Amino acid sequence: MIVARELLGKFLVHETSEGVTSGKIVETEAYKGPEDKASHAYDNLRSKRTEVQFGPKGHAYIYLVYGMYHCFNVTSGDAPGKPEAILVRSLEPVSGIEIMMKRRKISKAHLINLTSGPGRLCMALGLSTKQNVADLCVPPLYVERGVTVDKENIARTTRVNVDYADDWKDLPWRFFIRSNAFVSKANQQRKTKAGAPKD
DNA sequence: TGCACGATTCTCT
DNA sequence: GAGAATCGTGCAA
């Protein structure tokens, strides 16, 4: 939980043959292992996919959603064998913007959409399941100490698209930097699944 | 072995 | 605003 807040303002860097791309983390979501129904590792569900969450913290957990997009997480379990992860939802582009635009096939006019969403930031940074389990302390994929974000500038809300998680969906485990233009708008006007309980 | 579905995004109307 | 795209994963039979 603390890690999710600490990640805000840090830089996520990916070095590839195309060049170095990096961005400032401006939005995160916490997923707290066995007891969190919204987590893939709920009820200690240990599988090929969730295995990395049970490993040491500070590693990449990247998985495919909806068959076409990837989500990037940082493992953060305090104790060994405790599956916790922080989903990075959006970044503020810092370097390699040209490369990211090329990867996303968008123009400068749409820069705001470059990395503002879990799937988008993975596309922009060139992340896929190939980078799964990568150690985030060493290149080519690593987290760099960035700027310190004032507590007052950190906002927290409920998580996005976890309607299926009963009471767990209402927990304010989504953190983002207040008034940052690159925070994803995904929590606004989300579609609710037919028959899904509303508040 | 087969089926249903999702921590999303984009395009079309 | 609504719906399609798309495939790995989990679960049931």
Side-chain angles (χ1 to χ4, degrees), chain A residues 1 3-5 7-8 12 23 25-54 57 59-77 83-91 93 100-107 109-133 156-176 181-198:
Chain A
M1 210 58 38
V3 186
R5 252 183 318 222
L7 272 176
L8 292 176
L12 178 64
I25 298 172
V26 297
E27 185 181 355
T28 60
E29 264 180 28
Y31 288 86
K32 202 171 157 57
E35 65 263 44
D36 182 358
K37 225 170 173 176
S39 168
H40 288 162
Y42 172 62
D43 203 19
N44 271 316
L45 178 68
R46 196 166 181 156
S47 65
K48 216 173 172 183
R49 181 171 63 153
T50 61
E51 184 66 33
V52 58
Q53 288 194 57
F54 289 83
K57 61 179 171 182
H59 284 243
Y61 168 45
I62 302 170
Y63 62 90
L64 190 69
V65 275
Y66 299 106
M68 43 191 356
Y69 296 109
H70 291 91
C71 289
F72 171 78
N73 297 245
V74 179
T75 60
S76 65
E84 287 184 22
I86 312 297
L87 169 68
V88 178
R89 289 194 60 86
S90 48
L91 300 175
M100 291 194 257
M101 286 197 301
K102 207 168 129 192
R103 283 181 184 144
R104 295 268 294 115
K105 293 177 187 146
I106 60 174
S107 63
H110 299 99
L111 202 64
I112 200 78
N113 290 327
L114 191 60
T115 52
S116 56
R120 290 171 179 169
L121 77 88
C122 283
M123 278 189 268
L125 288 190
L127 299 175
S128 69
T129 46
K130 280 180 200 156
Q131 280 77 32
N132 195 23
V133 199
R156 58 192 289 182
T157 66
T158 55
R159 293 175 292 184
V160 177
N161 273 3
V162 290
D163 286 343
Y164 57 88
D166 296 344
D167 296 341
W168 292 92
K169 73 178 176 0
D170 296 323
L171 292 169
W173 285 358
R174 172 173 173 255
F175 302 88
F176 59 90
F182 291 92
V183 170
S184 77
K185 309 291 187 293
N187 65 326
Q188 299 168 10
Q189 303 169 353
R190 291 311 302 182
K191 281 185 293 192
T192 45
K193 267 192 84 171
K198 290 184 182 172

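Both backbone and side-chain heavy atoms feed into the values below; hydrogens, waters and symmetry mates do not. As the structure is a prediction and not an experimental result, all values here were calculated from the model.
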Atom-to-atom span, OH of Tyr61(A) to C1' of dG8(C) - whole angstrom: 11 Å
May Tyr31(A) be described as stacking on the base of dA7(B), applying a 5.5 Å centroid limit and a 30° limit on plane angle? yes
For a salt bridge (Lys or Arg N to Asp or Glu O under 4.0 Å) with Glu29(A), tell me which candidate from Arg159(A), Arg5(A), Arg89(A) qualifies. Arg89(A)
Side chain of Leu45(A), heavy atoms from C-beta onward: which of dC11(C), dA7(B), dC10(B) has the nearest atom to it? dC11(C)
Interatomic distance where CG belongs to Leu64(A) and P belongs to dG8(C) [whole Å]: 7 Å
What integer distance in Å separates Trp168(A):CH2 from dA7(B):C1'? 16 Å
Could you state the NE2-P distance from His70(A) to dT6(C), rounded to the nearest angstrom? 15 Å
Hey, are the side chains of Glu27(A) and Phe182(A) touching, using non-hydrogen atoms and a 4.5 Å cut-off? no
Given dT9(B), dT6(C), dA7(B), the nucleotide with the shortest approach to the side chain of His40(A): dA7(B)
Selected nucleotide, minimal atom distance to Met68(A) side chain, candidates dT6(C), dA7(B), dC10(B): dT6(C)
Would you please confirm or rule out a distance under 4.0 Å between OP1 or OP2 of dA4(C) and any side-chain N or O of Tyr66(A)? no
Measure the distance from CD on Gln53(A) to P on dT9(C) and round it to the nearest whole Å. 13 Å
To the nearest angstrom, how far is Asp163(A) atom CG from dT8(B) atom C1'? 14 Å
Whenever both distances are under 3.5 Å in a Watson-Crick or G-U wobble pair, mark it; put DNA chain B into dot-bracket that way, with [ ] for crossing pairs and | when the partner is on another strand. ||||||.|||||.
Looking at Trp168(A) and Glu35(A), would you say the former's side chain and the latter's main chain have a donor-acceptor pair under 3.5 Å? yes
Separation of Asn73(A) atom CG from dT8(B) atom P, in whole Å? 11 Å
Taking only N and O in the side chain of Arg104(A), is any of them less than 4.0 Å away from OP1 or OP2 of dC10(B)? yes
Contact class for Ser47(A) vs. all strands (heavy atom < 4.0 Å): base, sugar-phosphate, or nothing? sugar-phosphate
Protein-nucleotide distance (Tyr42(A), atom OH; dG6(B), atom P), rounded to Å: 16 Å
Answer whether the closest heavy-atom distance between the side chains of Tyr61(A) and Asn132(A) falls below 4.5 Å. yes
What distance do Tyr63(A) atom OH and His70(A) atom NE2 have between them, rounded to the nearest 0.5 Å? 11.0 Å
Measure the shortest side-chain to side-chain distance between Trp173(A) and Asp36(A) over non-hydrogen atoms and say whether it is less than 4.5 angstrom. yes
So, does Arg89(A) get its side chain near the phosphate of dT8(B), meaning an N or O under 4.0 Å from OP1 or OP2? yes
List the atom of Leu7(A), the atom of Ile86(A), and the distance in Å for their closest heavy-atom pair. CD1-CG2, 3.7 Å
